[in-house]
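What follows is one structure encoded as structure tokens, with my remarks underneath.
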Amino acid sequence: MSKNNLFRKKSVQDILDKVDKDNQEGHGSLGRHLGVKDLAAFGIAAIIGAGIFSTIGKASADGGPAVIFLFLFTAIACGFAAFAYAEFASMVPVSGSAYTYSYVAFGEIIAWIIGWALIMEYAIGNITVAISWSDYFTGFLQNLNIPFLGVKGIHLPQWVQMDYFTSYNGYHEAVNLMKSGKEFINLDSALQNAYTAYKYAPSIGSFHIVADLPALMIIILITALVYKGMKESKNASNLMVVVKLAIILLVISVGVFYIDTDNWNPFAPNGVGGILKGVSAVFFAYIGFDAISTTAEECKDPQRDLPRGMMWAIIICTILYIIIALVLTGMVNYTELNVGDPLAFVFDKLDLKWMSGIIAVSAVIAMASVLLVFQMGQPRIWMSMSRDGLLPKKFSKIHPKFKTPSFATIVVGFVVAVPALFLNLTWVTDLCSIGTLFAFVVVCAGVLVLQNKKDIPRGKFKTPYVNGKYVMPVLLVAGIVFTFTYNKTATIAFLTNEKQLIQPTELLTSISSEQVIKMKNQLATEKTDLFAKSDNDVETYLTSLKEKEYIQTLKDLKINESQMYESGFGLFSHKIPTYFFFIICFILTYYSITHNLSLIPMLGLVSCLYMMSELALSNWIGFGAWLVVGLIVYFGYSRKNSKLNMVI
């Protein structure tokens, strides 16, 4: 095997032999404590969190009661990917997840890219969950009421419960809106909090000290638990899952008696576009089942139990998501659900305060259990890469007493804790999603690459084979026909790059403060009565106008067309991921016909690619930059230190 071969591969037997050799050399082995129930519990712990307690509200507001189809679509996509993960986990029952699988299917350079992407996925995912947990926890403290102790809410300063960039951007956006005439009390609560945090934070010179301290606290606690051992982590996870499921079943049992079926009409008020609008956010709610595959060396029977654990986790969580979505949209009108805490909101609205308190406690537990699984997965990826020589040997060190990758766990704690103090939730959520989807795509592709190879040892589980050449062309043609008939106007606008009108809120926060003040003064002079009816608020006034009136008003206010519309390459650049998706679909259809590719991993690959295409180009650029850094590390350190360099 050539040392210069970037695509040098490892055989399944070599990987298993290497684990045995490491154990004999004193690196230590991981403790085997996990069965099917434990793995399913870990999956449920990871999946049920932000999705059911937060993002389900926004998704329901966009898609109406038909949001259940979005959860179903996402579950099917993840199910396809889970088949691929399960086949690899059964074939290569060691820690490492998609990284190890890629080493077998594609070779070292692709394995490194996947491993590097997974480092980002788990790190960013942990940061995301820690920030969300902080939001739930601080909300819980604010509503805490213990009369006999005289406690009526614990209110932490805003600057210790928010990241710096959210406060900085929110402050300047709030300033612009207030200059346009909007009163502070009429700003949405997120902007009010950001403004307050930045304005009243202590400062060093011109730098305002804003940091999310509760996020730091939970990361330290969870890292300590993961460091101490898998058995302790398993027991804590199982307990949190029991509590979480009990609360969710209580919500369903109580909520079902308050359903008004009139709220389900119309069922899909915003059509397919509205349903799919929240696809990326809902996908984030399913991230976690893949983390189960990193525990392969800690399973009692990984070839049997890992596939079952993954499938049970996805099935149970999907059923719960669909039922909760139906209950929520039945209890209140879907238009009211665009809130950060929809479960608590609907019970508050129906004056069931005791249920809101229970939900707040459940949310804190739910987010902690998600963080536990994510924080458990990443050190095991680093451990696998270290075993192969791609990372320093220290990362594969196993604690002699706790039987965990101790050094890697501590480093992960620092890597997650520090950014969690400062990073923005939306940005890290999208980055986590694109990294995870990329891993799903490669794992599905790996199954396709290996499907016809006879010399690969097979595990107890194999993805059911359906010849894709009879289905993929039909799906492609059906998709094209559907696009140009049902959604013809939007499709033509997409293909011709038709300019798009910028809405009032985005417009006012993108132009200078001087322009905002000038607009306000001109409207107060020329549209005195109408402007007064809008409380002298530019945003409210512009939002009340019909599209033609809005365009004419902006022209009268001397707003440049470049500020009114998004057009040209700036608009086209957002569509690049979608064009990339279309090209890949045609290529995959061709290969499915010529190579008789298996349908299930093919559908997993296509559906995950589609969800990647729904993410903004900026996320693709950020992800690409991370991969470039990874390649620099690979060629600077990993390639020459790879254990495969020792092979002559």
Side-chain angles (χ1 to χ4, degrees), residues 50 53-55 120 123-144 153-179 182-223 284 339-341 360 363-364 367-368 370-371 374-375 412-432 505-506 508-510 512-513 618-619 622:
F53 288 100
S54 179
T55 58
M120 186 186 75
I124 297 295
N126 292 347
I127 292 167
T128 304
V129 176
I131 294 171
S132 297
W133 183 90
S134 173
D135 292 340
Y136 286 119
F137 180 69
T138 52
F140 166 70
L141 290 181
Q142 289 168 10
N143 295 316
L144 188 64
I154 299 173
H155 300 275
L156 301 177
Q158 286 293 338
W159 57 269
V160 303
Q161 52 178 296
M162 183 178 297
D163 67 275
Y164 176 83
F165 293 106
T166 296
S167 67
Y168 176 85
N169 294 331
Y171 173 82
H172 289 90
E173 186 176 334
V175 167
N176 253 19
L177 289 173
M178 287 191 288
K179 285 182 178 179
K182 186 176 287 293
E183 296 290 335
F184 177 79
I185 196 171
N186 292 327
L187 295 173
D188 66 56
S189 58
L191 277 184
Q192 290 182 16
N193 293 338
Y195 178 88
T196 303
Y198 190 80
K199 183 174 182 179
Y200 297 105
S203 59
I204 300 175
S206 60
F207 179 77
H208 294 240
I209 302 173
V210 183
D212 198 336
L213 296 185
L216 174 66
M217 177 190 74
I218 189 62
I219 290 169
I220 292 172
L221 291 174
I222 293 295
T223 300
F284 182 76
V339 293
D341 53 347
V364 171
M367 301 309 294
V370 174
L371 185 59
F374 278 18
Q375 199 73 348
V412 165
F414 280 105
V415 168
V416 175
V418 175
L421 292 170
F422 308 107
L423 291 184
N424 174 270
L425 181 60
T426 302
W427 185 77
V428 295
T429 300
D430 287 345
L431 265 185
C432 179
T505 302
E506 185 180 350
L508 292 171
T509 55
S510 63
S512 67
S513 298
S618 59
N619 295 304

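Atoms CG and OG1, on L191 and T196 in that order, are 10.5 Å from each other to the nearest 0.5 Å. Here the straight-line distance linking atom OG1 of T138 with atom CD of Q161 works out to 4.5 Å at 0.5 Å rounding. Of the inter-residue distances, the one linking I209 atom CD1 with I204 atom CD1 reads 4.0 Å to the nearest 0.5 angstrom.
In this structure, the side chains of L156 and P214 come closer than 4.5 Å at one or more pairs of heavy atoms. No side-chain heavy atom of N176 sits under 4.5 Å from any side-chain heavy atom of H172. Under the 4.5 Å side-chain criterion, counting only non-hydrogen atoms from C-beta, H155 is not in contact with L141. W159 has its side chain out of reach of Y164: every pair of non-hydrogen atoms, C-beta onward, lies at least 4.5 Å apart.
In terms of heavy atoms, V416 sits closest to I127 at O-CG1, 3.6 Å. Listed here is the closest heavy atom pair of A201 and V210: CB-CG2, 3.7 Å. Between A215 and A130, the closest heavy-atom pair is CB-O, 3.7 Å.
Under the side chain to side chain contact (heavy atoms under 4.5 Å, CB included) criterion, I220 pairs with L216, sequence neighbours left out. Applying the side chain to side chain contact (heavy atoms under 4.5 Å, CB included) rule to L221 yields the partners M217; only residues at least two apart in sequence or on another chain are considered. E173 is linked by a side chain to side chain donor-acceptor pair (under 3.5 Å) to nothing, counting only residues two or more places apart in sequence or in another chain. Residues satisfying the ring-ring contact (aromatic ring centres under 6.0 Å, His included) criterion with F137, sequence neighbours excluded, are W133. Listed by chain and residue number, nothing satisfies the ring-ring contact (aromatic ring centres under 6.0 Å, His included) test with Y200 (two or more places apart in sequence, or in another chain).
Under the 3.5 Å distance criterion, the side-chain polar atoms of E183 are left unmatched by any main-chain donor or acceptor of M178.
A side-chain donor from one of T166 and D163 sits under 3.5 Å from a side-chain acceptor of the other.
Listed by first and then second residue, the side chain to side chain donor-acceptor pair (under 3.5 Å) pairs that reach into residues 205-223 are S134-D212, T223-Q375, sequence neighbours excluded.
Ring geometry for F184 against Y195 counts as tilted: the plane angle lies between 30° and 60°, on a 0 to 90° scale.
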